[in-house]
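Written out below as structure tokens is the structure these notes cover.
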Amino acid sequence: KTVCVTGASGYIASWLVKLLLRRGYTVNASVRDTNNPKKIQHLLELDGAKERLNLIEADLLEEGSFDAVIDGCDGVFHTASPFFIATTDPQADLIDPALKGTLNVLGSCARTPSIKRVVLTSSIAAVFANGKPRTPEVVVDETWWSDPDFCKRAQQWYMLSKTLAEDAAWKFVKEKGIDMVAINPSMVIGPLLQPTLNTSSASILNLINGAETYQNAVVGWVDVRDVANAHILAFENPAANGRYCTVGRVAHYSEMVKILHELDPTLHLPEKCADDKPLVPTYQVSKERARSLGVEFTPLEESIKLTVESLKEKGFFK
Ligand code: NDP
């Protein structure tokens, strides 16, 4: 079987390509620049790449540029979307590539009759950003939707981009009769395959690279290998449908610091919280649907350990 992975050089997508090749798939992988070794070398070195990996250039904002990548495929994993926080032009930097890019990729799918299913990499950012209270008793699940107006008021542009993109995707596939499943991961950590630093791995690097304080914030964490696996299970299981929150554990940054200290007491870790307010309370995210797909969650301690080892090995800190 041949499948397409968009944005293949990214953190999650690199793992997805690796696991797909391991399972015997032929992978048509889109990258923006096939001449940049930092974006492709680690993919070319994967087991099976020589025989079954095709790298093809495509840009989210170039209408129709995914036709050639998707042509002849049985399925599409649409992961490409910018993930960063700081921007002075959210529309151009985040919202257009997320929203127009998703519709661009889905447009190519609609023109390709061999496509049986699309797996969309959405985010928990499209689920919980709605201002509803989150306390230890609250269980966030797939019925939750982020509220674009809330995201705008809070100037959470990345969250807005993911919410608008997933919402538009569901409307488009319904109209065109495309079978789609969405994966909604929280902050993804774990070993890096690519040599460059991505935003979610940077959240761990920031803690071990000399920061004096940690944020007073609670974050859902999940291992990159579990997220890649969830995508494949969602593609292969005919019964898969709708959205799947993939969140291993919700933890405050203070807990992350504690785990890091237990893993390696020589790490230079932040000792205090960035503010004097009470610690933001934790909340739960339902694992029911993810587990029904067969997703298993790596313990947070292991994911943190492998992230740190990987960041060290790649030279991001000493
Ligand atoms: P990365 O930054 O590692 O990867 C993003 C990918 O998107 C890159 O391959 C990048 O290409 C590609 N991309 C960005 N803009 C464009 C564009 N205009 N045209 C073509 N490709 C583009 O991020 P992640 O692996 O972390 O994220 C992958 C997906 O997972 C995204 O959809 C993100 O929203 C989602 N996600 C990530 C989470 C996380 O914690 N990491 C959590 C939840 C969801 P290039 O390499 O050329 O820049």
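As the structure lists them, so they are numbered: ligands from 1, and atoms in each ligand from 1.
- Every residue was checked against the ring-ring contact (aromatic ring centres under 6.0 Å, His included) condition with Phe128, not counting sequence neighbours, and none meets it.
- Counted by atom type alone, Ser200 and Asn198 present one or more donor-acceptor pairs between their side chains at under 3.5 Å.
- Among residues at least two apart or in separate chains, there is no ring pair (Phe, Tyr, Trp, His ring centres under 6.0 Å) pair with a member in residues 273-293.
- Checked against side-chain hydrogen bond (donor to acceptor under 3.5 Å, both in side chains), Thr266 has the following partners two or more places apart in sequence or in another chain: Asp264.
- Judged by a 6.0 Å distance limit and a 45° cone about the ring axis, Arg289 is positioned over the six-membered ring of Tyr244.
- If you check the side chains of Thr121 and His231, you find a donor sitting under 3.5 Å from an acceptor.
- Contact residues for ligand 1 (protein heavy atom closer than 4.0 angstrom to any ligand atom): Gly7, Ser9, Gly10, Tyr11, Ile12, Arg32, Lys39, Ala58, Asp59, Leu60, Thr79, Ala80, Ser81, Pro82, Phe83, Thr121, Ser122, Ser123, Tyr158, Lys162, Pro185, Ser186, Met187, Val188, Asn198, Ser200.
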